[in-house]
Amino acid sequence: MRPLTSSQLLLIWEEGLGQSLPDKTFRLLGEACNTNDCASISRLSIGERDARLLLLREWMFGKRLQNMARCPVCGEITEWETNTEELHLQALPDQLSVRTFNLEKDGYVVNFRLPDSNDIAKATMEVREDESYKMILSACVLEAKRNGKKISRDKLPIQILEQINQLMGDEDPQADIRMNIKCPSCGHRWEARFDIVSFLWAEINSWAQRMLREIYLLAKNFGWQE
């Protein structure tokens with residue numbers, strides 16, 4: 001990966017104004033990873049994608065991170081701050097590749113990969129939230145056997161799927177970052193999921209608008225035509 005220049009970041013932001021959040025994220029990471037193949041970026045596991053975004057965020061805006069969350073009990077807006085060094089939970093591989101894993105248990109042998117952005121997007125669009133869990137797990141199963149014979153993915157028992165889910169969490173811990181927050185108003189404590197994708201784009205949007213205002217003021221003061 002490589003840091004982006006201000007001009008590169010501003011161009012990506014401008015081109016992404018009409019794009020979905022995933023698409024412009026793939027474009028952003030593609031530029032940082034020096035590839036035009038956004039499809040390969042979309043196939044990164046969620047944890048690897050987010051780990052790369054976190055590193056890119058440090059290069060652009062530093063390691064100090066501030067965010068806000070609404071208390072689920074009293075509705076008070078709570079501000080919290082952390083250092084991004086505390087959020088790095090997995091190392092980044094040198095190459096963009098899809099890793100596969102095997103689970104052997106109770107006569108079952110399952111070859112699977114980790115969930116990626118395409119899996120999440122498809123599950124979100126096509127099924128209810130309570131069904132997305134099984135759909136994502138099923139999509140990640142590449143091959144399943146029982147006692148040496150191939151079986152379809154929908155024949156895997158729930159205990160095998162749960163074991164796969166546990167292994168996915170162990171191999172891709174960056175995919176689910178939780179922050180412990182305490183409300184200063186009512187004292188309620190809860191866990192809030194930190195979504196680096198939406199957080200980073202909120203920062204980029206603010207930065208780009210600030211840059212454009214500064215450019216406008218410079219152009220106005222110096223009489224620039226463009």
Side-chain angles (χ1 to χ4, degrees), residues 1 3-4 20-30 32-33 41-73 76-94 96-99 101 112-124 129-130 132-137 139-140 161-184 188-207:
M1 282 184 64
L4 301 180
S20 67
L21 189 59
D23 285 342
K24 59 187 181 182
T25 300
F26 302 152
R27 170 79 170 82
L28 179 71
L29 273 179
C33 294
I41 300 296
S42 72
R43 290 192 293 269
L44 294 176
S45 72
I46 299 299
E48 183 178 341
R49 180 202 68 184
D50 288 0
R52 291 182 183 276
L53 287 174
L54 189 62
L55 177 60
L56 190 58
R57 192 270 175 191
E58 289 180 343
W59 288 340
M60 292 189 293
F61 303 119
K63 297 182 179 180
R64 182 169 173 260
L65 187 149
Q66 291 179 300
N67 202 359
M68 295 184 297
R70 185 179 296 276
C71 176
V73 173
E76 183 76 14
I77 298 296
T78 301
E79 296 184 357
W80 54 269
E81 180 177 326
T82 190
N83 188 306
T84 55
E85 290 182 342
E86 300 175 3
L87 303 181
H88 288 287
L89 301 184
Q90 64 190 66
L92 287 177
D94 294 331
L96 301 176
S97 60
V98 178
R99 295 183 296 156
F101 308 87
F112 65 95
R113 59 173 176 80
L114 299 172
D116 60 30
S117 300
N118 300 315
D119 300 319
I120 303 300
K122 187 175 182 180
T124 301
E129 184 176 354
D130 59 344
S132 62
Y133 166 78
K134 288 185 178 180
M135 180 176 180
I136 292 172
L137 288 181
C140 293
L161 292 177
E162 289 175 349
Q163 186 68 34
I164 292 173
N165 185 57
Q166 179 63 50
L167 290 174
M168 286 177 171
D170 294 340
E171 295 291 344
D172 213 35
Q174 199 77 43
D176 189 21
I177 300 295
R178 304 278 175 167
M179 309 303 298
N180 293 313
I181 303 176
K182 179 181 178 181
C183 177
H188 176 67
R189 295 179 181 270
W190 79 99
E191 282 188 341
R193 185 176 183 275
F194 174 62
D195 179 16
I196 182 61
V197 175
S198 57
F199 180 84
L200 178 56
W201 274 107
E203 287 189 307
I204 292 175
N205 288 335
S206 298
W207 171 85

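Residues: numbered from 1 along the sequence shown.
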Heavy-atom side-chain proximity of Met60 to Trp207 below 4.5 angstrom: no

Stepwise side chain to side chain contact (heavy atoms under 4.5 Å, CB included) test for Leu28 and Leu200: CA-CA 11 Å; Leu28 179 71; Leu200 178 56; 4.0 Å; yes

Atom pair NZ (Lys24) and CD1 (Ile204), whose distance is rounded to the nearest 0.5 Å: 8.5 Å

Contact summary for Thr78 and Cys183, nearest pair of heavy atoms: OG1-CA, 3.8 Å

Pairwise distance CD(Glu171) to CZ(Arg113) - rounded to 0.5 angstrom: 15.0 Å

Which atom of Ser42 lies closest to which atom of Asn118, heavy atoms considered: OG-ND2, 3.2 Å

Interatomic distance, Met179 atom CE to Trp190 atom CH2 [nearest 0.5 angstrom]: 11.5 Å

Polar side chain donor-acceptor pair, Arg57 to Thr84, under 3.5 angstrom: no

Nearest non-hydrogen partners of Gly47 and Gln90, listed with the distance: C-NE2, 3.5 Å

Under the ring pair (Phe, Tyr, Trp, His ring centres under 6.0 Å) test, residues paired with His88 that sit two or more places apart: none

Under 3.5 Å: donor-acceptor pair, side chain of Asn205, backbone of Trp201: yes

Verdict with reasoning, Ile177 to Asp50, per side chain to side chain contact (heavy atoms under 4.5 Å, CB included): CA-CA 10 Å; Ile177 300 295; Asp50 288 0; over 6 Å; no

Between CD on residue Glu162 and NZ on residue Lys134, distance to nearest 0.5 Å: 9.0 Å

CG/Asp94: more than 12 non-hydrogen atoms of other groups inside 6.0 Å: no

Distance-minimising heavy-atom pair for Leu87 and Phe194: CD1-CE2, 4.0 Å

Derivation of the side chain to side chain contact (heavy atoms under 4.5 Å, CB included) call for Leu114 and Phe101: CA-CA 8 Å; Leu114 299 172; Phe101 308 87; 3.6 Å; yes

Shortest non-hydrogen contact from Ile181 toward Ala192: CD1-CB, 3.6 Å

More than 12 heavy atoms from other groups under 6.0 Å of CD on Glu79: no

Glu48 backbone acceptor or donor facing Gln174 side chain under 3.5 Å: no

Intermediate values then yes/no, side chain to side chain contact (heavy atoms under 4.5 Å, CB included), Asn180 and Trp80: CA-CA 9 Å; Asn180 293 313; Trp80 54 269; over 6 Å; no

Side-chain heavy atoms of Arg52 within contact of Ile196, under 4.5 Å: no

Separation of Lys182 NZ from His188 NE2 (nearest 0.5 Å): 12.0 Å

Residue Arg189 excluded, over 12 heavy atoms near CZ under 6.0 Å: no

With Glu191 via salt bridge (charged side-chain N to carboxylate O under 4.0 Å, His left out) - residues at least two apart: none

For the student: nearest non-hydrogen atoms of Pro173 and Asp170, plus distance: CD-O, 3.6 Å

Inter-residue atom distance Asp116.CG - Lys122.NZ, 0.5 Å rounding: 11.0 Å

